[in-house]
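Worth knowing before you read on, the calculation uses all heavy atoms, side chains too, and leaves out hydrogens, waters and symmetry mates. Every chain is numbered from 1, with letters handed out A, B, ... down the list of sequences. Since we're looking at a predicted model, the values are computed, not measured.
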There are 2 protein chains.
Amino acid sequence: MGNFLLGSYSVRLDKGGRIKIPEKFRIALEEDHGKELFITSLTDESVQVYPLSVWEELSGVSGEGALHLQPTVRKFMLRVNRKGSQVRIDSKGRILINQTLREKAKLEDEVEVIGLSNHLEIWNKNKLDGTLEERPLTNEDFEKIAELMPRGKPK
Amino acid sequence: MGNFLLGSYSVRLDKGGRIKIPEKFRIALEEDHGKELFITSLTDESVQVYPLSVWEELSGVSGEGALHLQPTVRKFMLRVNRKGSQVRIDSKGRILINQTLREKAKLEDEVEVIGLSNHLEIWNKNKLDGTLEERPLTNEDFEKIAELMPRGKPK
DNA sequence: AATTTCCCATTTTGTCCCGTTTTGTCCCAT
DNA sequence: ATGGGACAAAACGGGACAAAATGGGAAATT
């Protein structure tokens, strides 16, 4: 809760398809949420890693009432759970990214781990940088952000 | 909170790509927010430096509910975190500007550090002055400013 | 005197590798 | 069909080494 996951690091997959979580991220994660994570893929483009407690809170909402019957919610939950699995940070600070996730997201050798406040995303480095170059933030994007994230001074 | 970052200073990058933060800025920053900063680039044109607490308040909003799944928010967060990193003002008042930020924003030798109330921006001096010349404020801009800015004063 | 610059030593972090364990798969005998 | 044995593949754990980040002393500059 207190710690934000910020910035990005480039790391290598080891022979077995594991990555070492960058120290800053690992410490922040373990302090706030422990060693249990949920790893999945929203689109095959990249891999998402959530602290288990954050994921439970997010996906738990879908259990309220009959929301889980809503078609888009069903579609979403079906996908993320089909692709996903629970993983634990090992004693050396590593996690395994299973084979299908690796293949779909084209993760091999060098990958980029990005902190996104409350979760991590893992990308093929070239694909990520290509995407960012091709689609830079536009004025319309900034307008939208200013609209969506306006709560500058709640307190 | 009490201190505003105002004006601009020209400073030199050291061999390792570090800058010494101008004393006035450094003191204002440390008094209000401590030594932790977040450095990133919204567009490759220049580099933004936020006090960590200011950045967390801004980006923390994206962690609320499922807002971080909104496409524009994802795009924004992905970019700023890919480019960004948390840095700490060291015992000598220095911060590191990493290589990719330096390259993209063409920062070398002498750069301009500008105070923008709650954050700093770092520019290549010539590019900055060129930009200001090429894109002066228009009447339409002033209209927009007059519309938008008064809302900032709820108290 | 105070600040900047240079540079080196220490510590921290990441990488590679190998041995062990677990899991999964295939095939055969009952 | 089904249980089990044997083999193969994937997962896991940890040691040793390499690379990089960090911090600060001391000379140089203002």
Side-chain angles (χ1 to χ4, degrees), chain A residues 3 5-31 34-41 47 49 52 82-115 120 122-125, chain B residues 9-30 34-40 49 52 82-103 107-113 122 125:
Chain A
N3 289 307
L5 304 164
L6 299 177
S8 71
Y9 298 86
S10 109
V11 305
R12 299 190 84 87
L13 288 169
D14 73 11
K15 214 165 165 180
R18 293 174 296 184
I19 59 164
K20 175 148 183 5
I21 298 178
E23 239 6 50
K24 274 207 178 132
F25 288 165
R26 189 186 61 78
I27 291 167
L29 286 171
E30 291 191 1
E31 275 183 3
K35 291 178 180 295
E36 297 294 335
L37 308 175
F38 183 71
I39 185 170
T40 189
S41 176
V47 169
V49 179
L52 187 60
R82 170 68 183 87
K83 300 282 181 175
S85 56
Q86 186 173 339
V87 297
R88 157 182 284 266
I89 301 171
D90 74 16
S91 65
K92 300 259 290 190
R94 293 170 302 193
I95 56 171
L96 175 70
I97 301 169
N98 74 50
Q99 221 167 356
T100 49
L101 289 179
R102 268 182 281 155
E103 281 168 11
K104 289 288 187 179
K106 304 252 190 323
L107 303 181
E108 40 186 278
D109 298 336
E110 209 166 341
V111 302
E112 203 68 20
V113 180
I114 297 125
L120 303 176
I122 305 174
W123 283 77
N124 171 306
K125 198 176 157 145
Chain B
Y9 299 86
S10 113
V11 305
R12 297 190 85 86
L13 289 167
D14 77 10
K15 204 168 165 182
R18 296 182 279 196
I19 59 164
K20 175 142 187 13
I21 299 176
E23 275 313 89
K24 269 200 182 152
F25 287 164
R26 189 185 61 79
I27 290 166
L29 286 171
E30 291 191 2
K35 291 178 179 296
E36 297 292 336
L37 308 175
F38 183 72
I39 184 169
T40 189
V49 179
L52 186 61
R82 171 66 185 93
K83 301 283 180 173
S85 56
Q86 186 174 337
V87 298
R88 156 184 284 265
I89 301 172
D90 72 17
S91 63
K92 294 236 168 86
R94 294 171 300 191
I95 56 171
L96 175 69
I97 301 171
N98 75 51
Q99 208 172 353
T100 49
L101 289 179
R102 271 181 277 149
E103 281 170 8
L107 304 181
E108 40 186 280
D109 298 336
E110 210 166 336
V111 302
E112 205 65 20
V113 179
I122 306 174
K125 196 171 157 58

Selected nucleotide, minimal atom distance to Asp90(B) side chain, candidates dG23(D), dT15(C), dC17(C): dG23(D)
N or O in side chain of Arg102(A) less than 4.0 angstrom from dA11(D) OP1/OP2: yes
Which residue lies more 5' along DNA chain C, comparing Lys15(A) with Ser10(A) via nearest heavy atoms: Ser10(A)
Whichever of Asp14(A) and Asn98(A) has its nearest DNA chain D nucleotide further upstream toward 5': Asn98(A)
Euclidean distance, atom OH of residue Tyr9(A) to atom C1' of dA19(D) [Å, nearest integer]: 16 Å
Sidechain N-carboxylate O distance under 4.0 Å for Arg82(B), Glu112(A): yes
Of the listed nucleotides dT15(C), dA11(D), dT13(C), the one nearest the side chain of Leu96(A): dA11(D)
Candidates dG24(D), dG14(C), dG13(D) - which lies nearest the side chain of Glu23(A): dG14(C)
Sugar-phosphate, base or nothing in reach of Lys92(B), heavy atoms under 4.0 Å: base
Nearest-Å distance for atom pair CZ/C1', residues Arg18(A) and dC17(C): 11 Å
Glu23(B) atom CD, over 12 foreign heavy atoms within 6.0 Å: yes
Gap between atoms CD1 and P, on Ile89(A) and dG13(D) respectively (whole Å): 13 Å
Euclidean distance, atom CG of residue Leu13(A) to atom C1' of dC16(C) [Å, nearest integer]: 14 Å
dC16(C) phosphate, OP1 or OP2, under 4.0 Å from Arg12(A) side-chain N/O: yes
Arg102(A) side chain vs Ile97(A) backbone, donor-acceptor pair below 3.5 Å: yes
Whole-Å gap separating C1' (dT15(C)) and CG (Asp109(A)): 13 Å
Closest contact, heavy atoms only, Ile39(B) versus Leu96(B): CD1-O, 4.2 Å
Other residues, nucleotides, ligands: >12 heavy atoms within 6.0 Å of Lys104(A) NZ: no
Side-chain donor/acceptor of Arg94(A) to base of dG13(D), under 3.5 Å: yes
Phosphate OP1/OP2 of dC12(D) contacted by Ser91(A) side-chain N/O (<4.0 Å): no
5' precedence on DNA chain D between Arg88(B) and Gly17(A) (nearest-nucleotide basis): Gly17(A)
